[in-house]
Number of protein chains: 2
Amino acid sequence: MAEKADSELVRRQNRLLVLGALRQHGASARVELGRLTGLSPASITTICAQLISEGIISEESLPVITPPSGKRGRPTVRLLLNPGAALVLAVKISIDDVMIVLTDFRGETIARTEVRLPTYDAGRDLFGMALADEIARFLAAQRVVPRKISRIGVAIQGLADSRSGSIVWSPAFKEGDIPVAHALEERFGVPCFVANDANMIAEGLVSADRVRYGGVTAAIFTGYGVGMGVIINGEVFHGATGAAAEFGHMNHIPDGALCRCGKRGCVEAYVADYGILRHYTGETGREAPRSAVPESTMTGLNQKAKAGDVKARAAFELAGSALGYGIGRVISILNPDRIVLAGPGLQTSELMDQAMREALEKSVVEVLRRDVAIEQVRFSDDMIIRGTVDALLRIIDRDVFAIATPQAAQALAAHG
Amino acid sequence: MAEKADSELVRRQNRLLVLGALRQHGASARVELGRLTGLSPASITTICAQLISEGIISEESLPVITPPSGKRGRPTVRLLLNPGAALVLAVKISIDDVMIVLTDFRGETIARTEVRLPTYDAGRDLFGMALADEIARFLAAQRVVPRKISRIGVAIQGLADSRSGSIVWSPAFKEGDIPVAHALEERFGVPCFVANDANMIAEGLVSADRVRYGGVTAAIFTGYGVGMGVIINGEVFHGATGAAAEFGHMNHIPDGALCRCGKRGCVEAYVADYGILRHYTGETGREAPRSAVPESTMTGLNQKAKAGDVKARAAFELAGSALGYGIGRVISILNPDRIVLAGPGLQTSELMDQAMREALEKSVVEVLRRDVAIEQVRFSDDMIIRGTVDALLRIIDRDVFAIATPQAAQALAAHG
DNA sequence: AGATTAAATTTGGAGAGCAAAAGAAAGCGG
DNA sequence: CCGCTTTCTTTTGCTCTCCAAATTTAATCT
């Protein structure tokens with residue numbers, strides 16, 4: 001059942017509203033915050049005074065000589081998130097590679113690094129320590145005291161367990177069930193989460209456009225792997241254990257092509273780069289390659305298809321069809337109002353796009369399809385880190401700064 | 001973004017908490033409500049006094065001569081939902097058949113009727129009126145003034161559109177897009193919703209056991225059709241338009257068996273009674289039968305399978321396999337912590353159950369399956385109406401009675 | 001009958017938001 | 001140049017909420 005409500009909850013909620021408005025709209029005057037949140041000027045004044053006294057936001061310092069604004073009335077004083085209020089650390093783990101990004105409370109990047117770190121052959125018990133070492137080295141180089149970090153978020157390909165903070169299964173690791181969050185929390189004394197990379201991209205989408213992606217959206221990403229993030233009422237849906245939206249490993253054809261996960265017939269085994277390539281060369285039964293397929297290979301294959309190569313065309317059509325059936329199954333279960341497709345594959349191959357739409361028409365009744373907007377979005381690798389940062393900042397807003405500190409409230413009351 | 005919070009929201013939330021506690025635990029004393037809701041005795045007193053003055057709840061009237069309770073201290077005064085606070089009307093539409101149930105605010109049935117009403121050949125424009133006529137007749141017979149009804153809920157097989165309140169597609173109707181809610185709202189001046197029957201059963205499950213079904217649960221119902229209801233954080237998930245969880249019409253095999261919906265390869269075309277029967281007789285390409293398969297037919301088929309009939313065994317195994325692959329796909333997308341299976345098919349056929357589990361093992365990696373509890377629940381036809389009533393009452397609690405009427409508050413303040 | 005126990009209510013206070021009034025800081029206009 | 005207007009912000013006074021603590025109520029126990 002829901003929580004009981006009291007005045008503390010009211011304050012928490014309204015502080016969150018103010019922080020959210022500032023995050024979404026950038027520097028804003030108090031009147032503007034009033035409009036955005038629906039709160040009265042009086043309440044906005046009180047809440048902002050408290051947030052300022054806590055160092056979470058600050059008034060914009062105007063230049064000494066104010067230029068004529070051309071507007072009458074008392075000039076607005078814009079408020080902005082205080083960059084130094086918190087630091088967050090976003091980590092993206094790929095095969096034998098780690099990207100670490102440090103941002104301030106506004107989400108501006110302070111420093112970033114990408115380093116080689118063995119993952120595939122890393123032992124279950126040692127990886128967390130190795131990652132912590134790498135992060136510690138990065139922080140030391142940046143002269144940042146670990147304690148100053150407020151949250152750490154780790155994005156991975158594959159299955160994450162949000163409860164235990166571990167990597168359940170990932171193509172980047174030979175072993176499974178690798179604990180990560182606990183090791184980082186121990187080392188740095190900071191809460192840490194582990195999540196699927198596609199879910200993090202979805203976090204980024206919500207942050208970028210709350211209106212567009214605020215309903216029920218399924219965002220599907222194709223490339224070397226296939227991932228999905230599901231947004232329900234503006235919140236990324238993680239499922240019971242954090243493994244929701246495993247679109248890539250949803251079965252497409254019983255006893256079908258072998259997938260990296262060891263099962264047969266997964267969507268990924270048809271739609272991912274390596275799947276398309278395998279179907280072209282005709283070796284679908286073999287284990288998938290470990291290393292990524294070079295982009296040039298896929299571009300080349302695409303050109304062959306365009307030139308009329310029958311085998312290449314068949315491979316792309318098979319991929320498009322699998323994707324279409326997969327999307328159809330997602331529509332049947334989730335009834336989304338929007339499907340976002342991102343990934344190099346679709347953008348380059350009309351063949352695949354067409355096969356996808358045909359499969360959708362064949363497998364889903366029109367009445368279920370008719371209200372779903374399907375759109376393509378440009379994908380960049382940076383979206384994963386970006387989304388992880390967005391998720392981290394949202395967590396801090398909600399779990400840390402929305403909660404009023406009694407000291408600040410009292411201090412404010414004492415010498416108003 | 002979320003709503004702003006104020007004292008009115010606090011009251012609303014806490015009143016809802018009290019109503020919810022009374023609904024779930026039945027008659028309870030004020031102390032008990034305090035324990036259940038986490039509210040202080042003082043607040044409980046105030047809230048209950050207001051709810052009583054509004055006629056929503058009432059104190060239990062004790063017998064004139066109180067028997068010795070054996071307990072010291074001031075005796076508890078139990079509070080209970082006032083049955084007469086509201087009336088709700090739950091309607092279940094099947095092929096050429098309508099069930100109407102009138103219940104009080106506690107959910108106790110006041111009257112019920114089941115009448116023949118042509119649906120399959122009903123015109124799109126006339127059905128709403130015809131249904132309204134039938135309801136009006138029922139209410140007249142019960143001497144209930146339509147205005148006394150607070151909400152109407154209509155459960156249907158097939159696709160409902162919650163926004164327009166219409167039946168988008170249903171096996172009970174030849175035509176599609178049949179408006180229903182609007183006609184009833186016009187006639188009776190009462191808000192009305194239209195929803196899928198499986199979603200209503202899911203509502204019933206949540207009401208019956210909030211703890212068990214409070215996480216992410218997918219409840220799948222097999223029988224003449226195949227349906228699913230998805231529960232996320234204790235709320236039934238309806239999707240963008242109210243058509244979520246269309247498990248039965250999710251594709252299983254591309255270009256597979258013909259389904260009632262006109263597409264090929266839907267789960268239902270393999271798992272529903274008529275699907276199993278067709279596969280036994282070998283006529284999977286034909287249009288599905290309109291009328292329901294008699295239970296005796298399925299029991300007979302089951303016995304044949306047990307006796308070793310190869311074709312019967314194959315039909316059940318095919319059904320179980322389709323169900324297993326379907327469940328696997330649901331697990332991949334939703335990552336539920338619980339799957340509930342209900343329906344005569346599974347309970348009677350171990351063959352089907354076994355094939356289902358084998359398909360699940362073949363199509364979903366162990367790490368995704370391991371945390372999902374799969375349980376069987378006895379299904380009764382009454383669950384649909386029961387769940388619709390539960391949904392209606394929850395709506396009334398939240399949207400009507402949780403909102404404090406200013407008059408009542410003032411009246412209370414005026415003469416203590 | 002008085003003591004004990006437990007439920008419910010009353011009282012007084014704190015914190016929240018809001019409407020209305022007041023204050024602050026700019027441009028405008030004679 | 002100085003008052004007027006405009007607009008943003010703060011202050012004031014009020015109401016609403018919940019809660020802790022004290023009080024009242026109504027039973028049993030001794």
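Sequence lines set the chain letters: A, B, ... in the order given, protein chains first and strands last, and positions in each chain run from 1.
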Restricting to nitrogen or oxygen on both sides, can you table the protein-nucleotides 6-10 of chain D pairs closer than 3.5 Å?
from    : atom 1 : to     : atom 2 : distance (Å)
dT6(D)  : O2     : G73(A) : N      : 3.1
dT7(D)  : O2     : R74(A) : N      : 2.6
dC8(D)  : O4'    : R74(A) : O      : 3.2
dT9(D)  : OP1    : V77(A) : N      : 2.9
dT9(D)  : OP1    : V77(A) : O      : 3.3
dT9(D)  : OP2    : R30(A) : N      : 3.2
dT9(D)  : OP2    : V31(A) : N      : 2.8
dT9(D)  : O4'    : R74(A) : NH1    : 3.4
dT10(D) : OP2    : R30(A) : NE     : 3.0
dT10(D) : OP2    : T45(A) : OG1    : 2.9

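In this model, the phosphate group of dA16(C) is not approached by any side-chain N or O of S7(B) to a distance below 4.0 Å at OP1 or OP2. Of the side-chain N and O atoms in K4(A), one or more sit less than 4.0 angstrom from OP1 or OP2 of dC19(D). Side-chain N/O atoms of R11(B) include none lying less than 4.0 angstrom from OP1 or OP2 on dC16(D). For dA20(D), neither phosphate oxygen OP1 nor OP2 lies less than 4.0 angstrom from any side-chain nitrogen or oxygen of S40(B).
Remark: E59(A) engages R30(A) in a salt bridge, criterion side-chain N to carboxylate O under 4.0 Å. Salt-bridge formation is not detected for the pair E235(B)/R394(B): no Lys NZ or Arg NE/NH1/NH2 atom is positioned less than 4.0 Å from an Asp or Glu carboxylate oxygen.
Looking only at atom types and distance, the side chain of S43(B) has no donor-acceptor partner in the side chain of T46(B) under 3.5 Å away.
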* To do: List the steps, then state whether side chain to side chain contact (heavy atoms under 4.5 Å, CB included) holds for H25(A) with L36(A).
  => CA-CA 9 Å; H25(A) 294 85; L36(A) 291 167; 3.5 Å; yes
* side chain to side chain contact (heavy atoms under 4.5 Å, CB included) between I395(A) and V400(A): does it pass, once the steps are laid out? -> CA-CA 8 Å; I395(A) 289 171; V400(A) 183; over 6 Å; no
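Protein atom CZ of R15(B) is 13 Å distant from nucleotide atom C1' of dT17(D), rounded to whole Å. Between I403(B) atom CD1 and dT17(D) atom P the separation is 14 Å, expressed in whole Å. Rounded to whole angstrom, the span from the CG atom of L33(B) across to the P atom of dA7(C) amounts to 13 Å. The separation between L36(B) atom CG and dA7(C) atom P is 14 Å, rounded to whole Å. As rounded to whole Å, 13 Å separates atom P of dA19(C) from atom CD of E8(B). Look at CD on Q13(B): it is 18 Å from P on dA16(C), rounded to the nearest Å. To the nearest angstrom, P of dA19(C) lies 10 Å from CG of D6(B). To the nearest angstrom, C1' of dG15(C) lies 10 Å from CD of Q50(A).
Picking from dC18(C), dT17(D), dA16(C) the nucleotide with the shortest atom distance to the side chain of N14(A) gives dA16(C).
Relative to the axis of its first five pairs, the axis of the last five pairs of the helix from dA1(C)-dT30(D) to dG30(C)-dC1(D) sits at 30°, rounded to 10 degrees.
Applying the side chain to side chain contact (heavy atoms under 4.5 Å, CB included) test between R338(B) and each of L205(B), I231(B), T217(B) identifies T217(B) as the sole match.
Side-chain contact between V144(A) and I149(A) is present, with heavy atoms from C-beta onward closer than 4.5 Å.
The side-chain contact (heavy atoms from CB on, under 4.5 Å) search around A90(A) returns I385(A), T388(A), V389(A), L392(A), not counting sequence neighbours.
If you take CG on L9(A) and CD on E3(A), they are separated by 8.5 Å, rounding to the nearest 0.5 Å.
I47(A) comes within contact range of the sugar-phosphate backbone alone, with a heavy-atom separation under 4.0 Å but no base atom that close.
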